[in-house]
J.: 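My structure is below; once you've seen it, I'll send some questions.
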Amino acid sequence: MTDLLAPRGAEDCRWDAVALGEVMLRLDPGEGRIRTARSFQVWEGGGEYNVARGLRKTFGLRTSVVTALPRNEMGALAEDLILQGGVDTSHILWREADGIGRNTRMGLNFTERGFGVRGALGASDRANSAASQIRPNEVDWDALFGGAKEGGEGVRWLHTGGIFAALSESTAETALAAIRAAKRQGVIVSYDLNYRASLWSSHPDPDAARRVNREIAGLVDVLVGDEYAWASCLGVETTEARADACDSGPFDRLVQGSADDFPNVKVFAATLRDPLSASVNRWGAVLWAGGERYETPAREIAVLDRVGGGDGFVSGMAWAFLTGLGPQAAVDYGTAHGALAMTAPGDNAMTSLAEVRALVEGGSAAAVR
């Protein structure tokens, strides 16, 4: 493995972090079921965007999102929700919509939280969405990533992931173009494999998607995903089974055996989850950096809404590296932020840095008055 991460200085960059990916409207029936709902609460969310939002709202960093929205009322709602999250919207690509969603549309994600023996359930309605139509030449990547001294905006960290890359052939090409440009400009790049069965089962050519993922994995600095994601998204498999649901052994062996295949990756990370029920999970994480293993041991946590826990982990991890706290703090803050994200509805944490820090330092759930 190569040396640890060395972020660009904040003074030469307009953005601490930029996310590239789809932002969807999440329709949440609360404690009810999608199939019997009479009302839904609306949130914005997306595997890549959630990281930028967490870095802004919890950790106070400057973030922006590159995505696309239809120019209609649904797109306006998504933009308003993004603004409420404090994420910059100046890099949104707006699509002229035809009024019935034939040429472009807003992606929808119906999500149940689950409870007890009834697991969480997601039902996406996202085909032909505006974000799935993004093409690599629609963004001036060098102007975005280049520092102020070069006349660009400047970015310290780019985050994207396998959900965006799997949406279409053009989004895969866009992810590659963005990552290559970011690397040219010295931007740290993280990539969450974020396997989604619904996307892969409907993908016209999963083997092509895996080839793209392997190419991306060979370029990035931070690769997130456990051994199951490696098998599905990269075609890299292990025959070793976990001793229990939170055993990192198979992932550890994959990293040790495959690091030479991904020479640019400086950090490998994976969350560990054991859903004892929809309402109680064992939750932890492991991270490899500089040939050393770092861990936050799994422990039982109560879950209100599990969606977004992994994205919360990535934003906490990125914040720790961007602030120079190092790999053990990265896995600790990532795990804590992900846990807190799962205590509130919606995809994103409703928390503060002080609350995350208190959890990292062993704070309890006693009432604060």
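Note that this is a predicted model, so its numbers are computed, not measured.
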J.: Does any non-hydrogen side-chain atom of Leu144 lie less than 4.5 Å from one of Val66?
T.: yes
J.: Looking at every non-hydrogen atom in both residues, tell me the closest pair between Val360 and Ala336 and how far apart they are.
T.: CG2-CB, 3.6 Å
J.: In terms of side-chain heavy atoms, does Arg26 have a donor or acceptor partner in Asn109 at a distance below 3.5 Å?
T.: no
J.: Given the side-chain rings of Phe110 and Phe40, with only the six-membered ring counted for Trp, is the space between their centroids under 6.0 Å?
T.: yes
J.: So, Glu227 and Arg242, do they make that salt bridge, N to O below 4.0 Å?
T.: yes
J.: Go through it in stages, so that I can follow the logic: the residues are Thr63 and Trp15, the test is side chain to side chain donor-acceptor pair (under 3.5 Å), and I'd like the CA-CA distance, side-chain angles, deciding distance and then a yes or no.
T.: CA-CA 5 Å; Thr63 66; Trp15 309 113; over 6 Å; no
J.: Would you call Glu215-Arg180 a salt bridge at under 4.0 Å N-O?
T.: yes
J.: Can a side-chain donor-acceptor contact be found between Asp332 and Thr296 if the only test is distance below 3.5 angstrom?
T.: yes
J.: Using the rule side chain to side chain contact (heavy atoms under 4.5 Å, CB included), only one of Arg156, Gln185, Glu153 pairs with Cys13; which is it?
T.: Arg156
J.: Would you say the rings of Trp283 and Phe313 are close, in the sense that their centroids are separated by under 6.0 Å?
T.: no
J.: Is the CZ atom of Arg306 crowded by more than 12 outside heavy atoms at less than 6.0 Å?
T.: no
J.: Thinking salt bridges, do Glu292 and Lys266 make one under a 4.0 Å N-O criterion?
T.: no
J.: Quick one: pull up CG in Leu4 and CG in Asp221 and give me the separation to the nearest 0.5 Å.
T.: 11.0 Å
J.: Between Arg62 and Asp88 (salt bridge meaning N to carboxylate O under 4.0 Å), is one present in this structure?
T.: no
J.: Are Arg282 and Asp274 within salt-bridge range, i.e. N to O under 4.0 Å?
T.: yes
J.: Is the Tyr294 to Trp288 ring centre distance short of 6.0 Å?
T.: no
J.: Would Leu176 and Ile216 count as a side-chain contact (heavy atoms from CB on, under 4.5 Å) here? Give the steps.
T.: CA-CA 6 Å; Leu176 274 168; Ile216 289 172; 3.6 Å; yes
J.: Hey, are the side chains of Thr67 and Leu93 touching, using non-hydrogen atoms and a 4.5 Å cut-off?
T.: no
J.: Are Arg113 and Glu31 within salt-bridge range, i.e. N to O under 4.0 Å?
T.: no
J.: Using distance alone, with no hydrogens and no angle criterion, decide if Asn128 and Gln133 have a side-chain donor and acceptor under 3.5 Å apart.
T.: yes
J.: May I ask you to check whether over 12 heavy atoms, not counting those of Arg33, lie within 6.0 Å of atom CZ?
T.: yes
J.: Would Thr351 and His337 count as having a side-chain donor-acceptor pair, cut-off 3.5 Å?
T.: no
J.: Would you mind reporting whether Pro327 and Leu287 have side-chain heavy atoms less than 4.5 Å apart?
T.: yes
J.: Quiz question: by atom type and distance under 3.5 Å, do the side chains of Asp252 and Gln256 form a donor-acceptor pair?
T.: no
J.: When rounded to the nearest 0.5 angstrom, what distance separates CG in Asp226 from CG in Leu254?
T.: 9.5 Å
J.: Would you say Glu295 and Ser248 are linked by a side-chain donor-acceptor pair, where the criterion is simply a distance under 3.5 Å?
T.: no
J.: In terms of the angle between their ring planes, are Trp230 and Phe251 parallel, tilted or perpendicular, with boundaries placed at 30° and 60°?
T.: perpendicular
J.: Report whether Val212 and Leu219 are members of the same hydrophobic cluster (ILVMFWY, side-chain heavy atoms less than 4.5 Å apart, transitive linking).
T.: yes
J.: Hey, mind stepping through Arg53 and Asp311 against salt bridge (charged side-chain N to carboxylate O under 4.0 Å, His left out) and telling me if it holds?
T.: CA-CA 10 Å; Arg53 191 187 190 282; Asp311 305 327; over 6 Å; no
J.: Once you round to the nearest 0.5 Å, how far does OG1 of Thr238 lie from CZ of Arg253?
T.: 8.0 Å
J.: Any carboxylate oxygen within less than 4.0 angstrom of a Lys/Arg side-chain nitrogen, looking at Arg126 and Glu22?
T.: yes
J.: In the single-linkage hydrophobic clustering (I, L, V, M, F, W, Y; side-chain heavy atoms under 4.5 Å), do Val224 and Leu322 co-cluster?
T.: yes
J.: Check whether the ring centres of His159 and Tyr191 lie less than 6.0 Å apart, and answer yes or no.
T.: no
